[in-house]
Amino acid sequence: MATFPGAERPDEGPAKRFSDDLIGLDPADPEAKAFAEHLDRMERERPGYTVEGYLDGVADFADSANRASGEQRFLAVLVVTLILLGVLISVWFGLGEIIGVLFG
């Protein structure tokens, strides 16, 4: 079997998991590593309806928002701002109800 540069399989990480997809690419190439990480994000299976699954989703959103630029970054910031505003309003009304029950 003939060998060529980049044919060896990496020892760890997403590049190992997708080594068959990356045959012929230089394993030290930043673009090949980024492609392997992209494939890993696309095919990763998270536990459904668990705290860990939700936190992984939030971490992926934060990572992609940090990589975004322009309109996509503005939209990500807007989504986070609206979520935080909703939480703040809910807490405000909840505390108002609690104070009203205790002292009213």
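Since the model is a prediction, treat every value here as computed from it, not as a measurement. Throughout, residue positions are numbered sequentially from 1 according to the sequence presented.
- Interatomic distance, Thr50 OG1 to Asp56 CG, rounded to the nearest 0.5 Å: 8.0 Å.
- The main-chain N or O of Ala62 is found under 3.5 Å from a side-chain atom of Asn66 such that the two form a donor-acceptor pair.
- Once rounded to the nearest 0.5 Å, the distance linking CD1 of Ile98 with CZ of Phe103 reads 11.0 Å.
- None of Val77, Ile83, Leu82, Thr81 except one satisfies the side-chain contact (heavy atoms from CB on, under 4.5 Å) rule with Val79; the exception is Ile83.
- Annotation: side chain of Phe61 is in contact with side chain of Val80 (closest heavy-atom distance under 4.5 Å).
- No continuous path of hydrophobic side-chain contacts links Val51 to Tyr54 [ILVMFWY only; heavy atoms under 4.5 Å].
- Here CG of Leu84 is found 11.0 Å from CD1 of Ile89. Values are rounded to the nearest 0.5 Å.
- Atom CG of Leu78 and atom CZ of Phe74 lie 5.5 Å apart (nearest 0.5 Å).
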